[in-house]
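Below is one structure, written out as structure tokens; comments come after it.
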Number of protein chains: 2
Amino acid sequence: MAIRQDIHNSEIPALCRSCEARHRGVCGALTPEQLVELSRHTTKRKVEPGTVLVSDSDTIDSYANVLAGVVKLVKTLPDGRQQIVGLQFAPDFIGRPFKQESSITAEAATAVRVCAFPKTSLDRMIDQAPELGHRLHLQALDELDEARDWMLTLGRKTAAERVASFLHLIARHGDPEAESAGEISFDLPLTRADIADFLGLTIETVSRQLTKLRKDGLITVENNRHITVFDLDRLERRANI
Amino acid sequence: MAIRQDIHNSEIPALCRSCEARHRGVCGALTPEQLVELSRHTTKRKVEPGTVLVSDSDTIDSYANVLAGVVKLVKTLPDGRQQIVGLQFAPDFIGRPFKQESSITAEAATAVRVCAFPKTSLDRMIDQAPELGHRLHLQALDELDEARDWMLTLGRKTAAERVASFLHLIARHGDPEAESAGEISFDLPLTRADIADFLGLTIETVSRQLTKLRKDGLITVENNRHITVFDLDRLERRANI
DNA sequence: GTCTTCGCTTGATCCAGGTCAAGGCGATAC
DNA sequence: GTATCGCCTTGACCTGGATCAAGCGAAGAC
């Protein structure tokens with residue numbers, strides 16, 4: 001009991017409180033007792049960009065929560081062509097409940113902190129805590145909406161619209177460093193190659209479209225990573241949102 | 001009680017048994033009592049192709065199950081460009097739980113029979129029947145997988161691969177009329193314009209690719225609608241599945 | 001019968017974005 | 001210092017699929 005109390009008051013709840021603060025975390029749906037139970041099997045990891053968290057060839061035996069950084073969900077054709085089918089920001093949940101395998105690879109796009117736990121523990125808890133299942137259901141529905149939004153982008157938008165849509169997405173989901181009166185700054189969490197794979201374009205086209213936005217005075221780019229958008233409304237109009 | 005029994009034994013259960021038979025139906029997750037309760041508010045409709053079942057501009061106040069036919073989920077840009085982001089076959093569930101509005105229009109692609117019921121009734125039942133919530137969760141996850149598969153198609157496949165992927169999809173999900181030793185026949189549930197909107201192409205390109213498959217001896221087309229695929233494996237190879 | 005409409009195909013031409021190639025620039029290695 | 005590497009940009013050229021245009025055939029309308 002002393003030990004449980006110890007765990008409860010020290011490491012895990014702090015970690016999980018950060019999930020709870022936002023909408024998509026798993027931990028917020030659990031009772032303190034369940035948190036302690038889960039904490040026994042929880043590992044908090046910090047990984048480098050490029051680290052594969054879940055491979056499409058493996059069977060899935062663990063779930064994770066993103067605590068910081070960005071994770072990309074990638075699908076690959078036999079000949080190597082790739083498509084990023086989703087970006088997971090903190091505190092998103094990573095995993096495919098109710099299935100042993102997934103055809104998706106989850107890979108750290110930036111430096112990432114994750115909180116991982118075995119599939120079996122959480123699957124057991126879903127039965128015990130309806131609120132938890134409900135939260136996962138809500139995230140699945142949110143992700144479905146996002147995926148379908150992006151299908152419209154991939155199927156029908158021009159390169160210029162896609163790049164503007166991407167910047168708009170990051171401006172909304174990433175951590176803004178500065179924001180005032182429609183002006184907003186942020187760091188791109190993806191390389192040009194990743195952006196291309198997300199937008200169904202080539203790196204050259206992405207680069208050219210960013211240059212165009214720069215020359216048209218909508219954005220500035222520093223060190224290839226740091227973006228300032230001067231007028232979000234104008235960007236939205238370019239994105240055709 | 002006599003009336004309830006009456007309803008229970010006549011119209012509704014027969015209707016719902018057809019849902020129950022497959023995996024995605026809502027009704028199979030309900031107790032007989034709940035079925036009767038739901039049946040009070042249920043309307044079974046038969047609609048023409050082109051009928052809008054859910055409009056993206058309205059607030060959603062009803063759910064539906066597809067009993068027969070195909071429903072297309074469409075997203076539209078302000079300038080009229082369209083993308084079909086999903087196809088619903090019997091006994092799929094149509095609706096967006098836990099949200100008042102959706103940015104998607106659901107429209108009958110073929111003649112369709114649906115079983116519609118008010119959102120409020122079902123939302124109440126989700127709380128009472130965990131099995132029902134679970135089923136809806138499973139369908140959401142399935143649809144998410146499908147949407148992400150299609151994102152790969154839209155972002156990275158060529159026109160030839162897209163058309164082959166589409167035929168492969170219909171061969172799997174549609175009702176096959178004949179099937180033996182890799183040969184399979186079916187009716188296309190979509191017009192060329194719909195196929196184009198599903199694949200992110202133009203009708204001309206779809207037409208040309210179908211002609212190419214025909215000339216290459218992989219398929220025959222009768223009356224623009226009826227397709228016979230001679231060798232599903234060869235089609236899969238063209239689709240790069 | 002003719003006329004119109006709708007869904008589809010086919011051909012000719014165009015262009016957005018892909019491909020190929022060269023070079024810039026900052027970071028790390030030696 | 002210089003060399004190498006990774007990431008990005010820019011230019012020149014090419015091509016897959018879009019666009020424009022014509023026509024076909026089946027299904028009503030009259």
Side-chain angles (χ1 to χ4, degrees), chain A residues 48-50 72 77 79-83 109-111 153-167 187-216 219-227 238 240, chain B residues 48-50 72 77 79-84 108-111 153-167 187-216 219-227 238 240:
Chain A
E48 296 297 299
K72 54 184 180 176
L77 285 171
D79 61 7
R81 280 174 285 172
Q82 289 195 326
Q83 177 67 40
T110 62
T153 301
L154 292 174
R156 289 304 185 195
K157 287 191 185 173
T158 64
E161 290 167 337
R162 293 184 202 202
V163 172
S165 297
F166 171 73
L167 292 180
D187 274 348
L188 289 178
L190 301 184
T191 65
R192 299 293 185 274
D194 281 340
I195 298 173
D197 281 345
F198 191 40
L199 297 176
L201 300 171
T202 59
I203 51 172
E204 292 93 333
T205 300
V206 171
S207 179
R208 278 187 254 267
Q209 292 301 334
L210 285 173
T211 300
K212 185 153 193 309
L213 286 171
R214 207 158 29 77
K215 288 190 174 159
D216 291 354
I219 62 171
T220 58
V221 184
E222 294 158 61
N223 299 324
N224 293 334
R225 286 242 144 197
H226 191 76
I227 304 273
R238 294 240 176 170
N240 242 318
Chain B
E48 296 297 298
K72 55 184 180 177
L77 285 171
D79 62 8
R81 280 174 284 173
Q82 289 195 327
Q83 177 66 42
I84 293 181
T110 62
T153 301
L154 292 174
R156 290 305 186 194
K157 287 192 185 174
T158 64
E161 290 167 337
R162 292 184 203 203
V163 171
S165 298
F166 170 72
L167 291 181
D187 275 348
L188 288 178
L190 303 183
T191 64
R192 299 294 185 273
D194 281 340
I195 298 173
D197 282 345
F198 191 39
L199 297 176
L201 300 170
T202 58
I203 52 172
E204 293 93 333
T205 300
V206 171
S207 178
R208 278 186 253 267
Q209 293 300 335
L210 285 173
T211 301
K212 185 155 193 306
L213 286 171
R214 206 159 30 77
K215 288 189 175 161
D216 290 354
I219 62 171
T220 58
V221 184
E222 294 159 60
N223 298 325
N224 293 332
R225 287 244 144 194
H226 190 76
I227 304 273
R238 294 241 177 171
N240 241 316

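The chains referred to below are lettered A, B, ... by the order of the sequence lines, with proteins before strands, and numbering in each begins at 1. All values below were derived from every heavy atom in this structure, side-chain atoms included, with hydrogens, water molecules and symmetry-related copies excluded. Just so it is clear, the structure is predicted and the values come from calculations on it, not from any experiment.
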Of all residues at least two apart in sequence or in a different chain, which pass the side chain to side chain contact (heavy atoms under 4.5 Å, CB included) check with [X]?
| X | result |
| --- | --- |
| A:Asp194 | A:Lys72, A:Ile84, A:Leu190, A:Thr191 |
| A:Glu48 | A:Thr51 |
| B:Thr205 | B:Ala159, B:Leu201, B:Thr202, B:Gln209 |

(Q) On the nucleotide C:dG7, are OP1 or OP2 found under 4.0 Å from the side-chain N or O atoms that B:Arg192 carries? (A)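 B:Arg192 to C:dG7 OP1/OP2: no side-chain N or O under 4.0 Å.
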Q: Taking only heavy atoms on the protein side, list every residue of residues 197-210 of chain B lying under 4.0 Å from any atom of DNA chain D, sorted numerically.
A: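 When residues 197-210 of chain B is checked for heavy atoms under 4.0 Å from DNA chain D, the hits, listed by number, are B:Gly200, B:Leu201, B:Thr202, B:Glu204, B:Thr205, B:Arg208.
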(Q) Just to verify, what does B:Asn224 make a side-chain hydrogen bond (donor to acceptor under 3.5 Å, both in side chains) with, not counting sequence neighbours? (A)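 Checked B:Asn224 against side-chain hydrogen bond (donor to acceptor under 3.5 Å, both in side chains); zero matches.
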Q: Give the B/S/- string for nucleotides 22-29 of chain C, one per nucleotide from 5' to 3', where a protein heavy atom under 4.0 Å of the base yields B, of only the sugar-phosphate yields S, and otherwise -.
A: --------
**Q.** Non-hydrogen side-chain atoms of B:Ile203 and B:Ile195 separated by less than 4.5 Å
**A.**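 A side-chain contact under 4.5 Å is absent here.
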Q | Close side-chain approach of B:Leu188 and B:Phe166, heavy atoms under 4.5 Å | A |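 They are in side-chain contact.
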Q.
Tell me every residue that passes salt bridge (charged side-chain N to carboxylate O under 4.0 Å, His left out) with B:Arg192, counting only those two or more places apart in sequence or in another chain.
A.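 Scan of B:Arg192 (salt bridge (charged side-chain N to carboxylate O under 4.0 Å, His left out), adjacent residues dropped) gives none.
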Q | Pairs touching residues 157-167 of chain B that satisfy salt bridge (Lys or Arg N to Asp or Glu O under 4.0 Å), sequence neighbours left out | A |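 Applying salt bridge (Lys or Arg N to Asp or Glu O under 4.0 Å) to every pair that reaches into residues 157-167 of chain B, excluding sequence neighbours, yields A:Arg81-B:Glu161.
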**Q.** Within residues 199-214 of chain B or reaching into it, pairs that qualify as salt bridge (Lys or Arg N to Asp or Glu O under 4.0 Å) - sequence neighbours excluded
**A.**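 Those involving residues 199-214 of chain B are B:Lys212-B:Asp216.
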Q.
Output the rounded distance in Å from CG (B:Leu190) to C1' (C:dG7).
A.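 It is 14 Å, rounded to the nearest whole Å.
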Q: Measure the CD1-CG distance between A:Ile227 and A:Leu213 for me, rounded to the nearest 0.5 Å.
A: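 One finds 8.5 Å between CD1 of A:Ile227 and CG of A:Leu213.
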Q.
Need two values: the first and the last nucleotide of DNA chain D, 5' to 3', having an atom under 4.0 Å from any heavy-atom of chain A.
A.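 Terminal contacting nucleotides, 5' to 3': D:dC8 to D:dA12.
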(Q) Using five base pairs at each end to define the local axes, how bent is the helix from C:dG1-D:dC30 to C:dC30-D:dG1, to the nearest 10°? (A)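 It comes to 30° between the two terminal axes.
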